[in-house]
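Worksheet for the structure shown next.
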2 protein chains.
Amino acid sequence: MHLAAFDEDIDPTEKFREFLQTKGMRLTPEREAVVTAVYATHDHFDAEQWVANLSQRGRKDGASRSTIYRTLSLLVEAGLLRRVARANDREVYEHDYGYPQHDHLICSKCGDMIEFANDVISETLEKVANAHGFRMSGHRLEVEGVCAKCLRPPQRSHRRLDMI
Amino acid sequence: MHLAAFDEDIDPTEKFREFLQTKGMRLTPEREAVVTAVYATHDHFDAEQWVANLSQRGRKDGASRSTIYRTLSLLVEAGLLRRVARANDREVYEHDYGYPQHDHLICSKCGDMIEFANDVISETLEKVANAHGFRMSGHRLEVEGVCAKCLRPPQRSHRRLDMI
DNA sequence: CTACGTGCAAAGCTTTTGCATGGAA
DNA sequence: TTCCATGCAAAAGCTTTGCACGTAG
């Protein structure tokens, strides 16, 4: 699946530097540490996860809590990250650059977030927005329910239902 | 537009009382004050709005902050309310009983929430969920962007752009 | 030398909770 | 008398901010 387009082949750090430049800001070692860290894998994450990780490291390899929060906001502004849901009262982030648009099924039992891509939804939203003269810049769709894994009755203890 | 179905013709307070009974709880004057208040109009609202309003009133006509928060959660459980978005760091609620399913366009300029109903979206979500063996219980869809009103250049002060 | 950045600690906010008091059944 | 409820004040928990100090250009 190759969805890369126009500017999506330069790496996130570079894209971030460009964004910062347009705002008269610099790509500091701390900011770079944050981009590198969050782009190392395509997992969903929240701010505290990286605070725990990055605020321990040496000076030029990590960043403080304040800097992490400030940088995450900048990354969202830059179009590199997307605030995609909320779990345990924390904002959940994910990459918004270099990956195809998608939404999530969120399991209320185990918290798992299952990604799915569906063109019908985005097309429909376009139409609805147009019909209202609304200029859509993005959306956030959280589908709540129980995932297949959690629906399967526990294998260990049979007959558990009888206990209820 | 008459969408009322099976049990949707008894009033919210009564439905709440039934729900509470199944949990061995009572419909107190405080709880009743909350249901009545939030069901008086079909507007979107957040908890603090009603804290400001109801916590001022006399004993049996209002409710304290704690009771309001606790009651709102019960109303969500009961299927009477739905947490539909988040604005200014507050949970936004709306009726989930007696009104057809819908989602929202949220203007990032003025904060306005425009309701829209679209069957294609719910149908698509059903399909996606089924395909993943996911039992969907609901969803939350927030479409971000700028509404028609805010897109129109301000009429009052012409040439405002020159001032920037 | 001037502006931008960082880190720390404190503040800000919404929402939740512990606890003592009060009331319904 | 036994639970369920309320209200108050405090706690919790994430995120933001004021401020003093550094440092790049």
Side-chain angles (χ1 to χ4, degrees), chain A residues 16-17 19-35 37-38 44-78 81 83-93 111, chain B residues 13 16-35 37-38 44-78 81 83-93 111:
Chain A
F16 191 32
R17 189 202 305 280
F19 167 81
L20 290 169
Q21 241 157 30
T22 70
K23 306 199 47 161
M25 302 171 105
R26 298 192 287 263
L27 179 64
T28 63
E30 289 85 354
R31 284 177 182 155
E32 189 164 353
V34 176
V35 208
V38 306
H44 301 111
F45 64 90
D46 62 48
E48 288 305 318
Q49 246 168 71
W50 289 113
V51 171
N53 186 313
L54 293 178
S55 66
Q56 310 275 41
R57 299 197 193 164
R59 2 235 116 274
K60 295 307 171 183
D61 198 24
S64 70
R65 163 179 269 99
S66 328
T67 298
I68 292 172
Y69 273 94
R70 286 191 274 238
T71 304
L72 290 178
S73 289
L74 287 170
L75 288 168
V76 170
E77 254 193 87
L81 290 183
R83 294 194 174 97
V84 85
R86 179 161 263 264
N88 304 114
D89 285 327
R90 295 176 181 181
E91 217 48 55
V92 176
Y93 295 79
Chain B
T13 306
F16 192 31
R17 188 203 304 279
E18 286 175 10
F19 167 81
L20 290 170
Q21 241 156 29
T22 72
K23 306 200 46 162
M25 301 171 104
R26 297 192 289 264
L27 179 64
T28 63
E30 289 84 354
R31 286 179 181 153
E32 189 164 355
V34 176
V35 208
V38 306
H44 300 112
F45 64 89
D46 62 48
E48 286 305 318
Q49 247 167 68
W50 288 113
V51 171
N53 186 313
L54 293 178
S55 66
Q56 310 274 43
R57 299 197 193 164
R59 3 239 116 271
K60 296 305 171 180
D61 199 25
S64 70
R65 164 179 268 98
S66 329
T67 298
I68 292 172
Y69 274 95
R70 287 191 273 236
T71 304
L72 290 179
S73 288
L74 287 170
L75 287 168
V76 169
E77 255 192 85
L81 291 182
R83 294 198 174 94
V84 86
R86 181 162 261 263
N88 304 117
D89 285 328
R90 295 175 182 180
E91 250 354 273
V92 176
Y93 294 79

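The sequence lines fix the lettering, A, B, ..., with proteins before strands; numbering per chain opens at 1.
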Counting only side-chain heavy atoms from C-beta out, which of C:dG23, C:dT6, D:dT6 sits nearest to B:T28? D:dT6

Just how far, in rounded Å, is [atom2] of [N] from [atom1] of [X]?
| X | N | atom1 | atom2 | answer |
| --- | --- | --- | --- | --- |
| A:I68 | C:dG5 | CD1 | P | 17 Å |
| A:R31 | C:dG5 | CZ | P | 4 Å |
| B:M25 | D:dT2 | CE | P | 21 Å |
| B:Q21 | D:dC4 | CD | C1' | 14 Å |
| A:L20 | C:dT6 | CG | P | 10 Å |
| A:R57 | C:dT6 | CZ | C1' | 17 Å |
| B:E30 | C:dT21 | CD | C1' | 14 Å |
| B:L72 | C:dT17 | CG | P | 15 Å |

Result for 5'-nearest mapping on DNA chain D, choosing between A:R26 and B:G24, is B:G24

Are the side chains of A:Y69 and A:V51 in contact, using a 4.5 Å heavy-atom criterion? yes

For [X] against [Y], the heavy-atom pair lying closest together:
| X | Y | answer |
| --- | --- | --- |
| B:I68 | B:A47 | CG2-O, 4.4 Å |
| B:E30 | B:T67 | CB-CG2, 3.9 Å |
| A:G62 | A:A33 | O-CB, 4.1 Å |

Could you walk me through whether B:M25 and B:R31 satisfy the side-chain contact (heavy atoms from CB on, under 4.5 Å) test, starting with their C-alpha distance in whole Å, then the side-chain angles of each, then the deciding distance to 0.1 Å, before giving a yes or no? CA-CA 11 Å; B:M25 301 171 104; B:R31 286 179 181 153; 3.9 Å; yes

Under-3.5 Å N/O pairs linking protein and nucleotides 13-16 of chain C:
unit_1, atom_1, unit_2, atom_2, d
C:dT14, OP1, B:R90, NE, 2.8
C:dT14, OP1, B:R90, NH2, 2.6
C:dT15, OP1, B:E91, N, 3.0
C:dT15, OP2, B:Y69, OH, 2.8

Please check if any side-chain donor atom of B:R83 sits under 3.5 Å from a side-chain acceptor atom of B:S73, or the reverse. yes

Looking at residues at least two apart in the chain, or sitting in another chain, which of them share a side chain to side chain contact (heavy atoms under 4.5 Å, CB included) with A:A37? A:W50, A:L54

Check whether any side-chain nitrogen or oxygen of A:S64 sits under 4.0 Å from OP1 or OP2 of C:dT6, and answer yes or no. no

